[in-house]
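First up is the structure itself, then whatever we jot down about it.
Just so you know, ligand 1 is whichever comes first in the structure, and atom 1 is the first atom listed for that ligand.
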Amino acid sequence: MNKASMEKIVSLCRRRGFIFPSSEIYGGLSSCWDYGPLGVELKNNVKKAWWQAVVQQRDDIVGLDTSIFMHPRIWEASGHLKGFSDPMVDCMKCKMRWRTDDLDGDVCPSCDGELTEPRQFNLMFKTFMGPVEDEASVVYLRPETAQGIFVNFQNVVTTTRKKLPFGIAQIGKSFRNEITTGNFIFRSREFEQMEIEYFVKPGTDKEWFDYWLKERMNWYIGLGIKEENLKLRPHGDAELAHYARCCSDINYNFPMGLAELEGIANRGDFDLVQHAKFSGKSLTYLDEDSKEHIVPYIIEPSAGVDRSVLAFLCDAYDEEPDKDEIRVVLHLHPALAPYKATVLPLSRKEHLAKVAKEIYAEVRQCWMTGYDDTQSIGGRYRRQDEIGTPYCITVDFQSLDDKQVTIRERDSMKQIRIPISELNSTLAAKLGGESFEVLPPGGSHQMGF
Ligand code: ATP
């Protein structure tokens, strides 16, 4: 059962330093969020796990990191200037702006005021490049990372000599002037995406579309998301985006209900054809078999970093009865946990603290490690459970004599005692070494206690 309510997740994130409201000391800025010391670790780990799975561990996908500002013609070619808009109405009384789709009646839901006629509202942020603010210097903050990949298609083919099918992956910030934001980091105006554009021979696109649906579902499951919380939702013909031949969303059972975590689209040859037309450059691929120049089709798995972070947090959250109390624990996959281990000296006494700090200095050379010497040991275990630390290393007075420490495992709460000299190798074995093993669907992480 999913015990996470949005209030609990937001409160935990705020309290423990995962995510803060942006500009908080100035009263905050609507729907903008700052990742705190633990949040940035979690978010980086999500991105690292994605990059490992789609770039490092494959031989058919290469990475890219393109500029946020791009030539404004790109947004004409992509259709964003014309089509990337929602029909909106304004309230003439309270000035609130609403998405027509979200309204039941024809008066303002906030003040019952009269509404304007619907009009299109472009979701791209616009600004000026250079010292002059005129039409010629207008640029946009990209609303997706994908276009940076399409316009580099030829560069990547020439420099990497990749053969079809192959992909290009990118992680980066995107910006959309969303009308309705909310549900914490689920929908904001500045967010990060993890996108793959996978180029295939026309005719093989259906197979590859199905392949990527499975592959991407398995990525979430392998990192601990419960299968029953994921649901594929194929788009009906009427809701398909202008570029898509078919599209399926991977929906996650968020506290507010099922909602999109990732979209997987078969974009056909739309993007390369459009950019060839608008740039005047050939964007074809020489097929070695037929000796013909072809325009590859594109399968696009497009995921949100922030929505993934939220899904991993919600899925990991649990409240478990423990004696007379409830322990709050984040069962995060070790690859995602902000700290892999935390060192806890039983007391602050100097001779004990010295040994604990030496251990801390050594362990943190290998993994993100915490150190906590405040409050009771039970309270400190709880705090580490709540932030998802897989292992606590407890240094007690006996450690001074027998040169051993206790390792306590988050999920089972079991403890073992091992020599300090074997600490790093034991943690390496338990954590799966430098590159964490992503388990197949249904697999559970064996802690080996
Ligand atoms: P939605 O229907 O929720 O607005 P979308 O279909 O417009 O999303 P895409 O254009 O397919 O989203 O973008 C791909 C992914 O980028 C989404 O699945 C989501 O994870 C992420 N994403 C899109 N918009 C936002 C946003 N405003 N805030 C956070 N993440 C977003």
Side-chain angles (χ1 to χ4, degrees), residues 6 19 22 29-35 39 43 46-47 50 54 68 75 78-80 83-88 99-102 121-125 140-150 169-198 209 212-213 216-217 219-220 225 230-236 238-254 256-267 270-271 298-314:
M6 197 62 99
I19 298 166
S22 161
L29 181 65
S30 155
S31 88
C32 293
W33 302 96
D34 295 342
Y35 285 79
K43 190 177 176 197
V46 168
K47 292 192 275 185
W50 185 86
V54 310
I68 286 173
W75 308 114
S78 69
H80 281 88
F84 194 57
S85 52
D86 284 335
M88 307 296 311
R99 263 163 80 143
T100 319
D101 296 356
D102 291 342
F121 179 87
N122 197 288
L123 297 184
M124 279 197 294
F125 281 96
Y140 299 92
L141 300 192
R142 67 178 177 202
E144 60 179 31
T145 67
Q147 301 300 325
I149 298 181
F150 304 137
Q170 164 157 245
I171 300 178
K173 286 244 169 152
S174 293
F175 304 82
R176 296 182 189 177
N177 200 3
E178 302 272 8
I179 305 308
T180 330
T181 54
N183 287 319
F184 196 28
I185 52 172
F186 178 82
R187 188 184 302 284
S188 50
R189 297 194 172 99
E190 173 181 345
F191 55 96
E192 251 180 304
Q193 291 183 305
M194 309 184 278
E195 297 197 293
I196 304 167
E197 304 303 328
Y198 199 76
F209 180 78
W212 278 110
L213 283 185
R216 294 302 305 143
M217 285 284 273
W219 184 77
Y220 293 105
I225 297 262
L230 292 171
K231 203 166 170 60
L232 275 181
R233 191 186 73 85
H235 284 209
E239 61 172 326
L240 278 182
H242 61 281
Y243 52 77
R245 293 173 167 246
C246 71
C247 185
S248 263
D249 293 340
I250 298 181
N251 283 351
Y252 176 74
N253 188 15
F254 287 101
M256 69 282 184
L258 277 174
E260 178 177 336
L261 181 57
E262 170 160 352
I264 297 164
N266 179 350
R267 302 179 69 115
F270 177 83
D271 307 281
I298 297 176
I299 308 301
E300 176 193 71
S302 170
V305 177
D306 313 82
R307 284 190 196 178
S308 300
V309 166
L310 185 59
F312 285 123
L313 281 170
C314 293

For [atom], closest protein heavy-atom neighbour:
atom	value
atom 22 (N) of ligand 1	F191 CE1, 3.5 Å
atom 21 (C) of ligand 1	G304 CA, 3.8 Å
atom 19 (C) of ligand 1	R307 NH1, 3.5 Å
atom 28 (N) of ligand 1	S188 N, 3.1 Å
atom 29 (C) of ligand 1	F186 O, 3.1 Å

Within the 4.0 Å heavy-atom shell around [X], which atoms of ligand 1 are there?
X	answer
G263	18 (O)
L261	18 (O), 20 (O)
E178	24 (N), 26 (C), 27 (N)
S302	13 (O), 14 (C), 15 (C), 18 (O)
E262	18 (O)

Are [Y] and [X] an aromatic pair, judged by ring center distance below 6.0 Å?
X	Y	answer
F270	H242	yes
F254	Y252	yes
Y140	F125	no

So CD1 of I299 and CD1 of I196: to nearest 0.5 Å the spacing works out to 11.5 Å
The reported gap from OG in S188 to CD in E190 (rounded to nearest 0.5 angstrom) is 7.5 Å
Counting only heavy atoms, tell me which of E300, Q193, M194 gets closest to atom 13 (O) of ligand 1.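 Selected option, by shortest heavy-atom distance: Q193.
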Closest heavy-atom approach to atom 7 (O) of ligand 1 among E260, R187, H235, R176 is made by R176
Any cation-pi pair here, R216 with W212, using under 6.0 Å and within 45°?
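Verdict for W212: no cation-pi partner in R216.
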Next on the checklist: Set out, in order, the CA-CA distance, both residues' side-chain angles and the distance that settles salt bridge (Lys or Arg N to Asp or Glu O under 4.0 Å) for E239 and R233, then state yes or no.
Outcome noted: CA-CA 12 Å; E239 61 172 326; R233 191 186 73 85; 2.9 Å; yes
Steps toward salt bridge (Lys or Arg N to Asp or Glu O under 4.0 Å) verdict (K47, E192)
CA-CA 10 Å; K47 292 192 275 185; E192 251 180 304; 2.8 Å; yes
Under 3.5 Å: N/O of I185 near N/O of ligand 1
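Between I185 and ligand 1, no N or O pair is found under 3.5 Å apart.
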Checking P301, S302, S174 against E195 for side-chain contact (heavy atoms from CB on, under 4.5 Å), the one that qualifies is S302
